[in-house]
Each structure stands twice: as structure tokens, then as C-alpha cells.
Amino acid sequence: MTRPLILPAVLALATSVYGQCGSGTPDATVTGEDGSYAATVGSDEVYSGADYYAAITTALDGISSGQRLSVIASGSIGTGIISIDSGIIFEGCGTIDVEYNAGHGAIESLNTEGAQIPYLTLTGSPYFGMRFYGVTGLSLGEITMNLSDGLGIRFERDEAANADVLMDIISVTGAGSHAVETWNIDGLTINQVIARDVGECGLLLQTTTNAQVGTVDGDNVATGTGYATFRMANTNGLLPDGSYTTNVFVENVISRGGGRGIFCVSESGGVEIGNIDLADNGNNAILIENCYGVSILGGTVDGGGDVRLAARDEFENNRDISISLEVSGTSVVESPCGENISWDISGDAALNVC
Ligand SMILES: *[C@@H]1O[C@H](CO)[C@@H](O)[C@H](O)[C@H]1NC(C)=O
Ligand SMILES: *[C@@H]1O[C@H](CO)[C@@H](O)[C@H](O)[C@H]1NC(C)=O
């Protein structure tokens with residue numbers, strides 16, 4: 001009954017194609033250290049000086065689609081924006097420190113095809129660590145953000161839509177907002193999102209269809225808020241034909257502490273979650289509110305807030321929900337009664353369902 005996921009095959013690509021960061025013969029490099037950077041394209045040195053951001057942008061200006069820039073050096077780009085064009089392969093092998101630039105990402109790729117960022121390590125407090133819209137065939141590899149504020153990865157809401165996006169391993173620590181927030185993606189494959197000490201969501205999917213996600217793993221995510229380690233909102237999973245036929249597949253959701261574990265809201269659904277492992281969530285372990293076509297096939301909820309089906313008046317009530325779980329140390333509540341709801345709950349949970 002579970003559709004086999006194609007993740008391992010697809011994602012093996014992300015790392016095996018590239019080898020280590022900076023390996024082989026990159027078409028361009030940025031090397032050096034604080035105060036002394038060099039950018040080289042082919043055998044030409046195109047920049048030499050103290051400005052890390054200028055070194056990176058000069059190197060990028062010197063390569064074209066299909067070519068790779070490996071930024072070996074670490075440094076700060078301040079409020080600069082690194083723009084990745086179609087077909088460019090950008091590797092951040094050093095640590096790139098970034099600052100707040102309202103409405104922008106430290107790294108952006110806008111209206112592009114086939115941009116690739118196999119490796120990236122960011123620190124600092126950006127507005128968005130990475131910002132995207134209008135991208136087709138974007139591939140993100142091992143992305144590590146150790147932030148002191150800001151939002152990790154954002155696909156914009158009010159801009160061109162996106163298709164065929166790959167993410168391998170996205171680790172975000174310390175974001176004030178979400179680790180990963182999508183809008184308007186048709187065709188999304190994620191291996192892992194690992195969120196630690198993040199203010200809002202670990203993975204937030206919105207108006208995103210045909211998604212395959214391996215693991216969403218949150219610890220201390222959304223503490224004191226209604227956000228969740230894994231949240232689906234704003235008609236996520238609604239297909240163009242108006243149906244909620246299952247098209248969002250998630251293998252594992254793990255959540256410890258924080259706010260909610262899993263939250264489906266505002267006419268989202270079309271989702272099957274294979275296995276969950278939630279413990280000690282400070283808000284509802286699971287809240288499903290005005291969602292259609294949600295299946296959780298198995299796993300455990302250990303303590304924390306309740307597992308709850310609820311509804312707001314502004315949208316149709318929950319329907320076509322199937323939950324099989326072991327729930328202990330908290331309760332399971334369905335209020336109001338949904339339509340075509342099926343519960344298979346083991347464990348010591350108090351049940352207050354229809
Ligand atoms: C993350 O950043 C904090 C301070 O900004 C630092 O103490 C910590 O060692 C960093 N962790 C990693 C894994 O880089
Ligand atoms: C009831 O919900 C399940 C999913 O939990 C779905 O597979 C099934 O088609 C629904 N039944 C009807 C009659 O819509």
C-alpha cells in the first residue's frame with residue numbers, strides 16, 4: 001500500500017556526481033583568507049584583494065552555464081547577494097558569513113534552469129539564507145546553515161512558480177523563522193531536512209505538489225508557537241484538477257520538544273506520511289485542521305500535546321483522514337467529527353474520537 005519511494009536512487013546523484021567540495025578541476029575558484037583573496041577562472045587570476053564578495057562575484061561573472069565555481073576560502077559577504085544563473089554550479093567549500101538584507105537571500109537563483117549548489121555552509125543572520133523563484137531543475141546538495149537569526153531557504157509566494165527541485169541534506173540551526181519554506185513547487189524531492197533550535201517550522205510546504213520527502217527531523221523547533229517541525233499549509237497538495245489524490249509522500253517525521261510536531265492546515269492534504277516519531281512536543285503533537293486526504297501509516301507519539309483533528313469555520317471540515325499510531329502519555333481528540341476519518345490507535349492514550 002505504500003508507494004515505494006524513489007529517493008535513494010535520485011539522491012545518490014546529488015553527492016556521487018560531484019565528489020568532495022572543490023574536488024577535481026573546478027572551472028573557477030576563490031581561495032585565500034581574511035584580507036587576501038584571489039579569484040581564478042581557468043588559468044587567469046581575475047581578482048586579487050581583500051574583498052571576499054568581489055572575489056566571488058568576479059569569478060561568477062567569468063563562468064557560464066555548465067561550469068563550476070568552488071569557493072574554497074571562508075569569509076564574509078556582508079549584505080551582498082550571490083546570484084546563481086542557469087546551469088551554474090556553485091560550491092561553497094569554506095564558510096560564508098552573511099548579514100541581513102531585507103527581502104533578499106544571501107544566495108539567490110531567480111528565474112533560472114538547472115542551477116546547482118552541491119555544497120554550502122552559511123553562518124550569520126540573513127533575511128533569507130537562500131531565496132528562489134521561477135526555478136526549474138534546481139539542485140541543492142549538502143547545505144548547512146548555522147544561523148543566529150533569519151530564515152534558511154525560502155521559495156517565494158508572489159513570484160513565478162518552480163518545478164523539479166532537488167534537495168539532498170539541508171541542516172539548519174538557529175534560524176529565527178523557518179528552516180525551509182516552499183511556495184509554488186511542482187515536483188520536489190528532499191532527502192533530509194534537519195532543523196535544530198529553529199524559531200518557526202523545520203519544513204513548511206505550501207502550494208507544493210508531487211513531493212517526495214525522506215526525513216524531516218526537528219529538535220526544539222517552533223517552541224512557544226503554533227508552527228511545527230513539519231507543516232503543510234495554504235492548499236498544499238491540492239492538484240490542478242481540484243483533487244487531493246495522494247501526491248506528497250513523506251517517509252519519516254521526527255520531532256522532539258518545540259511547538260507542534262506535525263501540522264496540516266488551510267485546505268492542505270494529498271499526503272501520506274510513512275512513519276513518525278514525536279516526543280514531548282509543547283503544542284499539539286499532531287494538528288490536522290481543514291485538511292483532505294491525510295494518511296499517517298505508523299509510528300509513535302510519546303507525551304507532549306495531544307493528537308487532534310479540529311476545524312475552523314472558514315474552510316470545509318476535515319475528510320479522508322487515516323491515522324495508525326501508538327500514542328502514549330497524551331490524548332487523541334477529534335472535534336468536530338470529520339468525514340471519513342479512520343483511527344487505529346494503540347498505546348495508553350485517552351481517546352475522544354467520533
Ligand atoms: C554554530 O555557531 C555558533 C555561534 O554562532 C558556534 O558556537 C557553534 O560552534 C557553531 N556550530 C557549528 C556546528 O558550526
Ligand atoms: C476515505 O479516506 C481514505 C483515506 O483515509 C480514502 O482512501 C478513501 O477513498 C475515502 N473514502 C471515500 C468514500 O472517499
Side-chain angles (χ1 to χ4, degrees), residues 154-159 161-162 177-178 180-186 188 200-211 213 216 221-222 224-250 253 255 258-273 276 278 281-297 301 305-325 327 330-343 345 351-354:
R154 158 88 169 195
F155 287 76
E156 289 285 26
R157 183 185 65 180
D158 300 326
E159 301 286 353
N162 311 280
S177 179
H178 313 300
V180 178
E181 177 182 15
T182 74
W183 285 95
N184 313 318
I185 301 180
D186 181 34
L188 170 65
E200 297 184 328
C201 294
L203 176 62
L204 169 53
L205 299 180
Q206 298 161 122
T207 56
T208 294
T209 50
N210 297 306
V213 178
V216 186
V221 169
T225 78
Y227 286 116
T229 288
F230 176 47
R231 180 175 190 257
M232 297 151 274
N234 297 301
T235 70
N236 197 69
L238 170 62
L239 292 169
D241 68 3
S243 79
Y244 286 89
T245 305
T246 309
N247 68 96
V248 177
F249 295 87
V250 180
V253 180
S255 182
R260 292 184 170 128
I262 297 172
F263 184 18
C264 182
V265 65
S266 51
E267 304 181 294
S268 297
V271 60
E272 177 183 286
I273 300 175
I276 72 173
L278 311 181
N281 293 127
N283 203 317
N284 313 96
I286 301 175
L287 178 61
I288 298 175
E289 195 172 68
N290 311 97
C291 285
Y292 319 117
V294 177
S295 298
I296 297 177
L297 305 183
V301 174
D306 58 15
V307 173
R308 179 174 291 263
L309 264 59
R312 303 184 201 179
D313 293 341
E314 62 197 291
F315 301 125
E316 287 177 28
N317 196 357
N318 289 316
R319 61 173 185 267
D320 307 333
I321 314 281
S322 161
I323 311 277
S324 300
L325 280 180
V327 182
T330 186
S331 51
V332 179
V333 178
E334 179 184 352
S335 176
C337 295
E339 187 183 317
N340 184 29
I341 309 298
S342 122
W343 295 102
I345 304 291
L351 296 187
N352 181 6
V353 301
C354 305

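- Of the possible polar contacts, none joining the Tyr244 side chain to the Val294 backbone as a donor-acceptor pair under 3.5 Å is found.
- A donor-acceptor contact shorter than 3.5 Å links the side chain of Asn283 to the backbone of Thr225.
- Side-chain N or O atoms of Asn318 include one that pairs as donor or acceptor with a backbone N or O of Ile288 at under 3.5 Å.
- Glu200 and Ser177 share a side-chain donor-acceptor pair at under 3.5 Å.
- A distance of 7.0 Å separates OG1 in Thr207 from CG in Asn236, rounded to the nearest 0.5 Å.
- For the residue pair Thr330/Asp306, the side-chain donor-acceptor check at 3.5 Å is not satisfied.
- Counting only distance, with no hydrogens or angles, the side chain of Arg308 and the backbone of Leu287 share no donor-acceptor pair below 3.5 Å.
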Walk me through it: do Trp183 and Arg154 pass the test side chain to side chain contact (heavy atoms under 4.5 Å, CB included)?
CA-CA 8 Å; Trp183 285 95; Arg154 158 88 169 195; 3.6 Å; yes
Go through the steps for Gln206 and Arg231 under the test side chain to side chain contact (heavy atoms under 4.5 Å, CB included), then give the verdict.
CA-CA 9 Å; Gln206 298 161 122; Arg231 180 175 190 257; 4.3 Å; yes
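- Tested against Asp186, the residues Asn210, Asn162, Thr208 include a single side chain to side chain donor-acceptor pair (under 3.5 Å) partner, Asn210.
- Judged by distance alone, the side chains of Asn340 and Arg319 never bring a donor and an acceptor atom under 3.5 Å apart.
- Between the side chain of Asn284 and the backbone N or O of Val307, no donor-acceptor pair lies under 3.5 Å.
- Of the N and O atoms on the side chains of Ser255 and Asn281, at least one donor lies less than 3.5 Å from an acceptor on the other residue.
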After noting the C-alpha distance and the side-chain angles of Val213 and Phe230, does the key distance pass the side chain to side chain contact (heavy atoms under 4.5 Å, CB included) rule?
CA-CA 11 Å; Val213 178; Phe230 176 47; 5.8 Å; no
